[in-house]
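Worksheet: one structure, shown below.
Worth saying up front: this structure is predicted, and the values here are computed from it rather than measured. First the proteins, then the strands, lettered A, B, ... as listed; each starts at 1.
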There are 2 protein chains.
Amino acid sequence: MLKRLSKDIKKLNTKKKTTIKDIANVLNISAAAVSKALHDDSRISKKTKKAVKQVAKNLNYQPNHLASALRKGKSNLVGVIVPRTNSNFFSSVIQNIEEVLNKEGYNIIITQSNESFKKECDSIDTLLFTQVDGIIASMANETIDLEYYEKVKAKGIPLILFDRGENDLNVDYIGINDYDSSHIIVKHLVNQGCKRIAHIGGYKRTRIFNNRIRGYIDALKKHNLPLDKELLIESSLTIEDGRNKMAQLLKLQNRPDAVYIASDYAALGALQLLNEQNIKVPEEIALVGFGDEPFTAMVTPSLSSINQHSAEIGKQAALTFLSYTKKKSIKQTLNKIILDAELVVRESSNSIQ
Amino acid sequence: MLKRLSKDIKKLNTKKKTTIKDIANVLNISAAAVSKALHDDSRISKKTKKAVKQVAKNLNYQPNHLASALRKGKSNLVGVIVPRTNSNFFSSVIQNIEEVLNKEGYNIIITQSNESFKKECDSIDTLLFTQVDGIIASMANETIDLEYYEKVKAKGIPLILFDRGENDLNVDYIGINDYDSSHIIVKHLVNQGCKRIAHIGGYKRTRIFNNRIRGYIDALKKHNLPLDKELLIESSLTIEDGRNKMAQLLKLQNRPDAVYIASDYAALGALQLLNEQNIKVPEEIALVGFGDEPFTAMVTPSLSSINQHSAEIGKQAALTFLSYTKKKSIKQTLNKIILDAELVVRESSNSIQ
DNA sequence: TGTATATGGTTAAACGATTAAGCAAAACTA
DNA sequence: TAGTTTTGCTTAATCGTTTAACCATATACA
């Protein structure tokens with residue numbers, strides 16, 4: 001009796017969130033009925049449903065997501081791990097993932113690894129701790145050890161990789177055809193009359209960059225151009241490093257007449273150096289970047305680049321995750337979606353204007 | 001009996017996650033004791049604690065975050081809303097928020113409003129639905145109606161705003177001194193000998209941009225410069241619009257000799273146009289941007305800009321949130337943290353080199 | 001020796017929503 | 001009219017963790 005009283009007092013003091021129980025009390029029905037009514041269960045009469053929804057609105061009822069998640073064993077949360085968010089590619093991918101998943105009642109948790117392996121492992125732990133229903137990730141440059149991702153797989157949580165991540169994990173992957181992209185670029189440059197085409201590529205250990213390098217090498221061969229090792233450089237692909245590696249190329253006795261750079265950011269650094277040194281682009285040296293970041297259209301001269309279809313990658317990644325939620329058994333299979341990339345030709349590689 | 005059997009079979013089939021109950025069973029103690037042991041409760045002996053932790057490790061126990069969140073009434077999740085993530089400022093703020101909060105056991109959910117009011121409202125709903133313990137936000141350009149934020153306040157969920165968001169909501173705010181920043185910039189330009197200083201500003205309705213505009217006007221007055229309405233332009237501050245508004249300024253009979261632009265992105269657009277038209281920066285027109293994005297140091301000529309202390313803003317925002325978690329009663333008070341901004345002088349406004 | 005105080009737990013009730021199982025009343029069927 | 005089906009709910013268990021309240025035993029103290 002006393003207990004009940006203190007409880008009632010408590011109810012008066014604290015603006016408690018309304019629960020289905022509160023609704024049930026008002027209508028003198030069971031909480032179960034309320035739950036069912038809110039979910040349009042066929043076993044509840046239209047009249048009751050209407051009443052329940054009305055009261056829910058009046059009391060400003062907000063379902064307790066934690067409770068239903070606990071009961072149902074799923075959180076409706078999807079974790080997204082990206083190397084960084086401040087590139088247009090990743091933020092666009094994220095935006096599209098969010099758009100698709102929100103419609104299906106999922107929310108996303110974004111974490112950035114900042115290209116750090118350790119931070120990436122922490123992110124995975126964090127996401128698992130938060131009981132996400134799935135993880136969509138693009139790996140950090142540093143990541144070679146896949147143990148943490150195996151952990152996710154072992155838990156039976158759907159894992160989808162995009163862009164960075166094609167590897168031996170045997171999980172779904174969405175990305176563009178990096179090997180072909182290199183072919184398209186080299187062919188374009190050859191058509192422009194270039195004969196000494198350099199490549200400032202990413203780290204070979206990262207599969208996508210390795211594919212671009214392989215594509216570059218094979219494309220040279222295809223066009224009967226010799227492979228000059230001085231013209232093939234590994235880079236971290238930041239703006240600064242693009243600048244540095246371009247400086248390295250300029251020091252060569254026999255300079256390249258074109259440079260294909262595996263990232264727009266590095267290409268921007270390279271372009272700035274060329275501009276400063278009054279080296280004419282594309283006349284003296286043609287330039288092609290990768291990623292089609294918005295600024296490529298805005299710099300002078302504008303940068304040719306590869307459109308990675310970030311929106312489509314995001315959508316496909318989300319849809320791939322959703323396909324698992326509809327299956328009964330979660331058996332991860334290697335399911336690669338490889339999109340064709342598209343070369344956007346701009347001033348930096350277009351001499352026939 | 002049959003029921004119990006089927007349950008046991010189920011246990012064999014599905015790799016069920018281990019719970020505190022499983023640990024309790026192994027050690028023949030109660031689940032409550034396990035819970036307490038894991039939380040280093042003083043009423044549990046060292047011996048038991050040690051045993052519990054050992055078994056937990058062996059069984060690869062991962063606490064069910066949803067269950068504890070439900071029970072404790074808090075999710076240990078903090079929502080972060082930003083206009084977009086693909087600017088260095090916001091991604092740096094986010095990174096620092098995350099760093100501080102992770103240490104205290106909080107995770108963050110990032111959502112981007114894409115400068116859309118509607119998307120921002122959706123984000124708020126989403127975050128409330130996910131039962132976040134707090135929201136740290138920077139408002140979209142569009143946002144004038146504060147009803148949704150009032151909703152957050154009404155629910156008693158700590159709300160902290162940064163950068164965009166100084167307004168009448170009466171909640172904590174962390175930002176830089178925009179008014180003073182304008183003064184610093186104008187003073188610097190005057191010192192460089194500039195006499196006709198233009199300002200491409202943001203939308204007046206957004207308080208921070210309005211403060212920059214007010215600062216600009218007052219600073220002109222202070223230095224006995226006339227205010228020419230033609231030289232004060234409102235802009236969306238994108239790269240494209242920076243270009244357009246600069247074109248507008250170039251059309252004037254009496255061109256400015258300096259332009260102070262309220263965003264580095266717009267400043268970049270302006271700079272590109274000037275470069276294309278071979279207008280010398282800073283000799284003919286000096287340029288100062290805002291935000292100190294990394295690319296300002298990389299463009300030619302490098303752009304002078306205002307350092308907004310993104311890292312510090314992120315840290316302070318996180319710490320402000322944490323201060324609420326330690327208080328008993330959540331009484332939101334207007335608590336502004338205004339950081340002094342810092343002008344980084346680069347080539348675009350430095351004629352005395 | 002009897003009482004007080006630690007010590008080291010246990011029990012059981014929550015948190016809020018979901019859901020399998022049950023059950024009464026109404027409606028239909030033959 | 002008896003039996004079956006449908007309708008529309010209720011009951012009670014459950015998700016995994018936390019925590020207030022309780023209890024037994026050991027130790028301390030006078």
Side-chain angles (χ1 to χ4, degrees), chain A residues 2-4 6-7 10-11 14 16-52 56 59-76 105 128-131 133, chain B residues 2-4 6-7 10-11 14 16-52 56 59-76 105 128-131 133:
Chain A
L2 227 142
K3 211 171 176 181
R4 166 126 189 84
S6 82
K7 213 173 176 180
K10 205 173 172 186
K11 237 179 203 165
T14 60
K16 267 283 189 191
K17 286 165 198 159
T18 57
T19 70
I20 50 170
K21 252 185 184 166
D22 298 326
I23 301 177
N25 284 340
V26 169
L27 294 170
N28 243 14
I29 56 176
S30 73
V34 173
S35 172
K36 284 177 185 164
L38 290 172
H39 289 89
D40 272 323
D41 190 293
S42 63
R43 308 305 301 272
I44 301 292
S45 70
K46 279 177 199 161
K47 208 174 99 186
T48 307
K49 278 181 191 169
K50 204 172 165 187
V52 166
L59 297 183
N60 191 26
Y61 169 74
Q62 302 274 143
N64 186 324
H65 171 253
L66 295 172
S68 77
L70 172 61
R71 178 60 230 256
K72 294 201 288 195
K74 53 179 288 194
S75 64
N76 275 42
L128 292 179
F129 174 73
T130 317
Q131 314 276 116
D133 292 341
Chain B
L2 226 141
K3 211 170 174 182
R4 166 129 187 80
S6 84
K7 211 172 176 181
K10 205 173 173 186
K11 237 180 202 163
T14 59
K16 267 285 189 191
K17 285 166 199 158
T18 57
T19 71
I20 52 170
K21 255 187 183 164
D22 298 325
I23 302 177
N25 285 340
V26 170
L27 294 171
N28 243 14
I29 57 176
S30 72
V34 173
S35 172
K36 284 178 185 162
L38 291 172
H39 288 89
D40 273 325
D41 190 293
S42 63
R43 308 303 302 272
I44 303 294
S45 70
K46 279 177 199 161
K47 209 174 99 186
T48 307
K49 280 181 191 169
K50 204 173 165 186
V52 166
L59 297 183
N60 191 26
Y61 168 74
Q62 302 272 141
N64 185 324
H65 172 252
L66 295 173
S68 79
L70 172 60
R71 178 61 229 254
K72 294 201 289 193
K74 53 179 287 190
S75 64
N76 274 43
L128 292 179
F129 174 74
T130 317
Q131 315 276 119
D133 292 341

Any idea which of [options] is nearest the [X] side chain?
X: B/S35; options: D/dT19, C/dC15, D/dA12; value: D/dT19
X: B/A32; options: D/dT11, C/dT10, C/dA17; value: C/dT10
X: B/I20; options: D/dT17, C/dG16, C/dT11; value: D/dT17
X: A/R71; options: D/dA12, D/dC9, C/dG16; value: C/dG16
X: A/Y61; options: C/dA12, D/dC9, C/dA17; value: C/dA17

Is a donor-acceptor contact shorter than 3.5 angstrom present between the side chain of B/R43 and the base of C/dG9?
-> no
Taking N and O atoms by type only, does the side chain of A/K36 place a donor or acceptor under 3.5 Å from a partner on the base of D/dT10?
-> yes
Rounded to the Å, how far apart are [X] [atom1] and [N] [atom2]?
X: A/K74; N: C/dT19; atom1: NZ; atom2: P; answer: 11 Å
X: B/L59; N: D/dG16; atom1: CG; atom2: P; answer: 14 Å
X: A/K72; N: D/dC15; atom1: NZ; atom2: C1'; answer: 13 Å
X: A/D41; N: D/dT10; atom1: CG; atom2: C1'; answer: 13 Å
X: B/L27; N: C/dG8; atom1: CG; atom2: P; answer: 16 Å
X: A/K17; N: C/dG16; atom1: NZ; atom2: P; answer: 9 Å
X: A/N64; N: C/dC15; atom1: CG; atom2: C1'; answer: 8 Å
X: B/K47; N: C/dG8; atom1: NZ; atom2: P; answer: 10 Å

Closest-nucleotide ordering on DNA chain C, the 5'-leading residue of B/I29 and A/P63 = B/I29
Which part of the nucleic acid, if any, lies within contact of A/L66, taking any heavy atom under 4.0 Å across all strands shown: a base, the sugar-phosphate backbone alone, or nothing?
-> nothing
So what does B/S68 hit on the nucleic acid, given a heavy-atom distance under 4.0 Å: a base, only sugar-phosphate, or nothing?
-> sugar-phosphate
Check for a donor-acceptor pair, side chain of B/N76 on one end and backbone N or O of B/G105 on the other, with a separation under 3.5 Å.
-> yes
Donor-acceptor contact present, side-chain A/H65 to main-chain B/L128, <3.5 Å = no
Are side-chain heavy atoms of B/V52 and B/I23 found at a separation under 4.5 Å?
-> yes
Please tell me if the side chains of B/V34 and B/L38 come closer than 4.5 Å, counting only heavy atoms from C-beta onward.
-> yes
Under 4.0 Å between a side-chain N or O of B/T48 and OP1 or OP2 of C/dG8?
-> no
Can you list the steps and then say if A/N60 with A/T18 is a side-chain contact (heavy atoms from CB on, under 4.5 Å)?
-> CA-CA 7 Å; A/N60 191 26; A/T18 57; 5.5 Å; no
Hey, which of these two, A/S45 or B/A33, hits DNA chain D nearer its 5' end, going by closest nucleotide?
-> A/S45
